[in-house]
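Written below as structure tokens is the structure these notes are about.
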Protein chains: 2
Amino acid sequence: MTSSAGLLKREDGKKTGKGEQTRAQILETALDLFRERGYEETTMRAIAESAGVSVGNAYYYFKSKEHLIQAFYARTHEEHLAASREVLLRERGLRERLLGVMRAKLDTIAPYRQFSGVLFKTAADPASPLNPFSVESQPVRQQSTDLFAEVITGGDTRLTPDLVAALPNLLWVYHMGIILYWIHDNSPGCAKSYRMMERSVRLVLRLISLFQFPLLRPFLKELLVLVTELRVDEMPVPLPPPGVE
Amino acid sequence: MTSSAGLLKREDGKKTGKGEQTRAQILETALDLFRERGYEETTMRAIAESAGVSVGNAYYYFKSKEHLIQAFYARTHEEHLAASREVLLRERGLRERLLGVMRAKLDTIAPYRQFSGVLFKTAADPASPLNPFSVESQPVRQQSTDLFAEVITGGDTRLTPDLVAALPNLLWVYHMGIILYWIHDNSPGCAKSYRMMERSVRLVLRLISLFQFPLLRPFLKELLVLVTELRVDEMPVPLPPPGVE
DNA sequence: TCCTCTATTTGAACGCGTTCAAATAGAGCG
DNA sequence: CGCTCTATTTGAACGCGTTCAAATAGAGGA
């Protein structure tokens with residue numbers, strides 16, 4: 001751990017780097033196979049064989065098959081962030097910004113639609129690290145809500161502080177809903193999802209402008225309380241193993 | 001036609017009835033074990049052994065371990081309907097009715113909280129028959145939305161037709177959201193969930209009365225379009241490979 | 001009574017995800 | 001060079017959900 005040496009060290013000085021190569025090899029192979037044959041149909045043995053390693057070795061780098069999904073999710077998440085930044089630099093109108101970010105989301109995950117179902121399934125498990133509310137995904141979730149915060153604050157539309165406070169989380173939930181719809185959408189090119197997304201964005205924007213009226217302040221206050229309580233950071237994390245209740 | 005011993009032929013002349021007994025035995029045993037040890041920890045072999053049958057026999061009656069969850073779900077669903085009917089007979093105020101139905105829901109599933117997570121996980125899988133949007137669960141879903149329809153139409157509060165049309169589905173989604181929160185709620189007695197439920201019910205009611213204003217008619221129209229499109233009946237169902245049951 | 005046909009029941013076997021004790025590789029050091 | 005320590009790699013083995021060919025039970029007909 002101290003210092004130096006050999007052909008393999010990272011400037012980071014942590015691991016030898018050889019492992020990182022193997023790790024990447026396994027992940028690439030896995031994602032390829034997932035996309036080709038689907039998640040359930042791809043066995044760990046097949047992944048290992050295609051990657052030219054042993055099964056045990058795959059498990060040395062990924063604690064479980066699920067953790068491969070997590071890696072996939074992290075990747076598309078990054079892609080979406082990048083695509084969104086582009087949109088947010090270009091567009092100033094709230095409508096264009098939200099629409100662009102949402103469209104970017106669907107575009108990003110499009111190639112993986114069929115096995116995104118599995119991701120959603122796993123994510124729904126409270127015990128899974130993939131769960132959006134788990135500690136492990138806290139950073140990703142944070143980045144997502146930050147993104148929505150940027151959508152509403154970086155544009156040319158001024159909103160009341162209440163809304164600015166509540167909207168990022170609400171929009172995050174909203175975008176999850178759209179993805180849920182998308183996962184079940186078998187229309188060619190997921191056309192229905194895109195249409196649904198556009199319509200709902202319009203509705204969301206109208207709701208936003210509606211709640212700008214000072215008259216509706218009490219609603220916002222109440223909403224804010226709920227959203228605050230929804231904040232997952234304050235939710236105790238389900239601890240798994242011992243004991244029955 | 002019917003043999004004198006009685007229990008060997010159904011009126012509909014389909015099955016012998018002996019099987020029904022075995023089926024019930026397996027289901028009861030399974031649910032007991034699930035509640036005691038949890039879902040993942042309960043093996044099909046253990047269920048079969050405890051029920052005094054072979055593994056293969058368990059699979060003769062339940063196509064998969066998942067289908068045991070489905071049976072459980074059907075049961076608590078019935079319980080909730082019963083409890084709700086009681087509430088709806090007693091209460092006339094919209095607030096009391098919605099609150100009562102929601103509370104009944106949480107009360108009904110309370111004993112199974114820890115393994116309800118699994119149910120949710122499975123339900124999130126688009127390919128699962130347990131999925132709320134699947135054909136298999138269409139009847140249950142229908143009954144649920146009918147229940148919410150009864151909540152709003154059977155009380156002493158008159159609502160605009162638009163709202164009456166849109167609300168059942170919206171309330172169904174809302175109640176799913178509460179359950180999602182509940183699943184992640186580790187507070188003693190799920191107190192946070194109950195509080196969240198009460199607060200959100202209050203908010204929902206205020207929103208309902210808000211959208212009674214004729215001024216907000218366009219919103220309702222737009223919402224109605226979305227909700228109609230959300231109707232899962234119109235969503236093409238991902239068909240499972242072989243035959244039906 | 002015996003035969004037939006269907007409903008039910010069995011348990012071995014399969015393929016999967018996962019684990020683990022043990023083998024190997026390679027760097028630093030003498 | 002050999003020694004040591006750690007990172008990496010292996011493949012057999014385990015327990016699981018699930019399948020299936022074959023055995024059994026039981027009712028109705030001859």
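Convention: sequence-line order gives letters A, B, ...; per-chain numbering from 1.
Taken residue by residue, residues 58-74 of chain A places heavy atoms nearer than 4.0 Å to DNA chain D at A:Y60, A:Y61. A heavy-atom distance below 4.0 Å to DNA chain D is reached by none of the residues of residues 27-44 of chain A. For DNA chain C, the neighbouring residues in residues 46-53 of chain B, judged by any heavy atom under 4.0 Å, are B:V53.
Ionic pairing of B:R75 and B:E28 is present here: one or more N-O contacts between side-chain nitrogen and carboxylate oxygen are shorter than 4.0 angstrom. Salt-bridge formation is not detected for the pair B:K192/A:E229: no Lys NZ or Arg NE/NH1/NH2 atom is positioned less than 4.0 Å from an Asp or Glu carboxylate oxygen.
When distances are taken from the side chain of B:V55 to each of D:dG17, C:dG11, C:dT18, the shortest belongs to C:dG11.
Counted by atom type alone, A:R141 and A:N169 present zero donor-acceptor pairs between their side chains at under 3.5 Å. Side-chain contact annotation: B:Y194 with B:D107, donor-acceptor N/O pair under 3.5 Å present.
Proximity of B:T22 to the phosphate of C:dT8: no side-chain N or O atom is located under 4.0 Å from OP1 or OP2. Checking the phosphate oxygens (OP1, OP2) of C:dT10, a side-chain nitrogen or oxygen of B:N57 falls inside 4.0 Å.
Among residue pairs with one or both ends in residues 51-65 of chain A, those qualifying as side-chain hydrogen bond (donor to acceptor under 3.5 Å, both in side chains) are A:S64-A:H67; sequence neighbours excluded. The stretch residues 79-88 of chain B participates, sequence neighbours left out, in these side-chain hydrogen bond (donor to acceptor under 3.5 Å, both in side chains) pairs: B:H80-B:S84. The ring pair (Phe, Tyr, Trp, His ring centres under 6.0 Å) analysis of residues 35-55 of chain A, with sequence neighbours excluded, yields the pairs A:F34-A:Y39.
Every residue two or more places apart in sequence or in another chain was checked for a side chain to side chain donor-acceptor pair (under 3.5 Å) with A:E40, and none qualifies. Among residues two or more places apart in sequence or in another chain, the side chain to side chain donor-acceptor pair (under 3.5 Å) test is passed with A:R37 by none. Scored by the side chain to side chain donor-acceptor pair (under 3.5 Å) test, B:S200 finds B:Y174 as partners (sequence neighbours excluded). Remark: A:R23 engages no residue in a side chain to side chain donor-acceptor pair (under 3.5 Å) (not counting sequence neighbours).
The line from CE of B:M197 to CG of B:L98 is 8.5 Å long, rounded to the nearest 0.5 Å. Note that the CZ atom of A:F72 and the CD1 atom of A:I109 stand 7.5 Å from one another [nearest 0.5 Å]. Separation of atoms CG (A:L33) and OG1 (A:T43) is listed at 8.5 Å; rounding is to 0.5 Å.
Of the two residues near DNA chain D, A:R45 and A:S54, the one whose nearest nucleotide lies more 5' is A:S54.
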Would you list the protein and nucleotides 23-25 of chain D atom pairs, both N or O, that sit under 3.5 Å from each other?
none

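B:L88 approaches B:R97 most closely through the heavy-atom pair O-NH1, 3.0 Å.
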(message) What does the 5'-to-3' dot-bracket notation of DNA chain C look like when only Watson-Crick and G-U wobble pairs under 3.5 Å count, and pairs to other strands show as |?
(response) .|||||||||||||||||||||||||||||
